[in-house]
Amino acid sequence: MAITKTLGNNWYHVLGVAFLICTLTLVGGVSCQQAEEGIVEEVGPTLEEGKIAFEGTVKVALGKYMFVPEAQGFDIVVDGTVDGGGLTSLIGKEIKGEGEFPPETPWILFATKLEVKDDSGSFRNVFTGTVGSAQGLDLLTLQARDEYVMPEELAYNKNDVWEGIEKLKVKGTLQQEGETTRILVLDDEGNQIGRVVVDSISDAAQYYLQKLRLFEEFGFYLSVKETIPWNVRRRTRDMFHADLIFVGLY
């Protein structure tokens, strides 16, 4: 009797639950049938596994590298010649493209096709290429970044901290003084503890500096070279020369 009475007072709830169950069953049945028949709704720009279609405005183009904000999560590599002025001619222009990413580096998208919108509003093909190897690029993978040491006691008067280390990482800001580029090295509190004289900057590092131009502080990945003599070091706080290999936010 108690059960019958409870159902009697809440019959509309029972019918509602029953209707929901039937609806979910029907929807699930349709979804399963579509999956079995190979009918899948598009959920993004993926063409097939490992292949991506993208469209947007080129913000950075340098060397082989291109940044299109709409292609979120990808650094686009264009390995070849772009018709009509090269890769840099695409900066600020609207493009459509297709690319593929190697499984070992899913954040690097090798462009296989690029089309640029002309003044008439039509798209014309400016590049057709194939997928290259990430091994030939200077974009550092996460595993490669782990090889760079970040000393805890780095300072201009402690040359024994960096000497003997080939791959070094520092945190700081970039400074241009005439033709000389320096990194102002900062500690965790933001205090300057020394400077690095940069002899060269890789394409990947320049690309990331432009891509991350809204930020001021970076993690700099360096190939350490010769130590600056103490009589100069104590006066300028320039610690050593280095080649700038890569730039990140950490």
Side-chain angles (χ1 to χ4, degrees), residues 31 34-35 37-146 201-216 218-221 244-250:
S31 299
Q34 287 179 334
E37 295 175 354
I39 303 173
V40 181
E41 294 183 356
E42 292 185 359
V43 294
T46 304
L47 298 175
E48 58 183 83
E49 185 177 0
K51 296 186 178 181
I52 298 291
F54 57 90
E55 183 173 353
T57 301
V58 178
K59 295 298 183 182
V60 179
L62 191 150
K64 295 183 178 180
Y65 308 119
M66 182 173 67
F67 173 54
V68 179
E70 291 82 358
Q72 296 181 5
F74 289 107
D75 289 315
I76 301 172
V77 174
V78 183
D79 194 4
T81 302
V82 175
D83 296 339
L87 188 60
T88 56
S89 67
L90 301 181
I91 297 175
K93 295 184 179 179
E94 186 176 344
I95 65 167
K96 292 196 299 185
E98 296 176 6
E100 299 182 33
F101 58 87
E104 66 274 13
T105 52
W107 52 283
I108 298 177
L109 186 66
F110 282 89
T112 55
K113 180 180 179 181
L114 291 177
E115 297 179 342
V116 61
K117 180 184 284 189
D118 57 26
D119 295 337
S120 67
S122 301
F123 283 90
R124 61 180 178 85
N125 185 275
V126 293
F127 174 80
T128 302
T130 57
V131 178
S133 172
Q135 298 298 322
L137 304 176
D138 49 9
L139 288 171
L140 292 186
T141 64
L142 294 177
Q143 293 81 0
R145 297 178 207 181
D146 289 338
I201 304 178
S202 70
D203 283 349
Q206 292 189 57
Y207 163 72
Y208 259 80
L209 285 170
Q210 293 186 33
K211 179 180 177 180
L212 304 174
R213 61 189 180 278
L214 297 181
F215 297 88
E216 294 183 357
F218 304 96
F220 295 97
Y221 296 78
L244 179 53
I245 305 301
F246 192 71
V247 176
L249 292 179
Y250 54 90

Phe101 side chain reached by Phe74 side chain, heavy atoms, under 4.5 Å
yes
Minimum heavy-atom separation for Gly56 to Glu70, with atom names?
CA-OE1, 3.4 Å
Could you tell me the separation between the CG atom of Asp75 and the CG atom of Leu137, rounded to the nearest 0.5 Å?
10.0 Å
Identify the heavy atoms of Gly84 and Ser89 that sit nearest to each other, and give their distance.
O-OG, 3.8 Å
Distance-only donor-acceptor check, side chains Asp138 and Tyr65, under 3.5 Å:
yes
Here the gap from Lys113 atom NZ to Glu98 atom CD, rounded to the nearest 0.5 Å, amounts to 5.5 Å
How far does NZ of Lys93 sit from CD1 of Ile91, to the nearest 0.5 angstrom?
10.0 Å
Determine whether Phe246 and Tyr208 satisfy the following criterion, ring pair (Phe, Tyr, Trp, His ring centres under 6.0 Å), listing intermediate values before the conclusion.
CA-CA 8 Å; Phe246 192 71; Tyr208 259 80; 4.9 Å; yes
Could you check whether any side-chain heavy atom of Val77 comes within less than 4.5 Å of a side-chain heavy atom of Phe110, counting everything from C-beta outward?
yes
Checking Met66 against Leu87 for the side chain to side chain contact (heavy atoms under 4.5 Å, CB included) test, could you report, in this order, the C-alpha distance in whole Å, the side-chain angles of both residues, the deciding distance, and whether it holds?
CA-CA 8 Å; Met66 182 173 67; Leu87 188 60; 3.9 Å; yes
Run the side chain to side chain contact (heavy atoms under 4.5 Å, CB included) test on Leu90 and Leu114 for me, step by step, so that the C-alpha distance in whole Å, both residues' side-chain angles and the decisive distance to 0.1 Å come before the verdict.
CA-CA 10 Å; Leu90 301 181; Leu114 291 177; 4.2 Å; yes
So, taking the atom named CG in Leu140 and the one named CG in Asp146, what distance separates them when rounded to the nearest 0.5 Å?
10.5 Å
Identify the heavy atoms of Ile245 and Ser202 that sit nearest to each other, and give their distance.
O-OG, 2.5 Å
For residues Trp107 and Leu142, determine if any side-chain heavy atom of one lies less than 4.5 Å from a side-chain heavy atom of the other.
no
Any donor-acceptor pair under 3.5 Å linking the side chain of Gln206 with the backbone of Ile201?
yes
Whether Asp118 side chain and Gly121 backbone form a donor-acceptor pair below 3.5 Å
yes
Measure across Thr88 and Ala61 and return the closest heavy-atom pair with its distance rounded to 0.1 Å.
CG2-O, 3.5 Å
CA sep, side-chain torsions, deciding dist, call: Lys64, Tyr207, side chain to side chain contact (heavy atoms under 4.5 Å, CB included)
CA-CA 9 Å; Lys64 295 183 178 180; Tyr207 163 72; over 6 Å; no
Go through Glu115 and Asn125 one step at a time and tell me if the side chain to side chain contact (heavy atoms under 4.5 Å, CB included) criterion holds.
CA-CA 4 Å; Glu115 297 179 342; Asn125 185 275; 4.3 Å; yes
Write down the atom of Pro106, the atom of Pro103, and the distance for their closest heavy-atom approach.
CD-O, 3.5 Å
Do you know which two heavy atoms are closest between Glu100 and Thr112, and how far apart they sit?
OE2-CG2, 4.3 Å
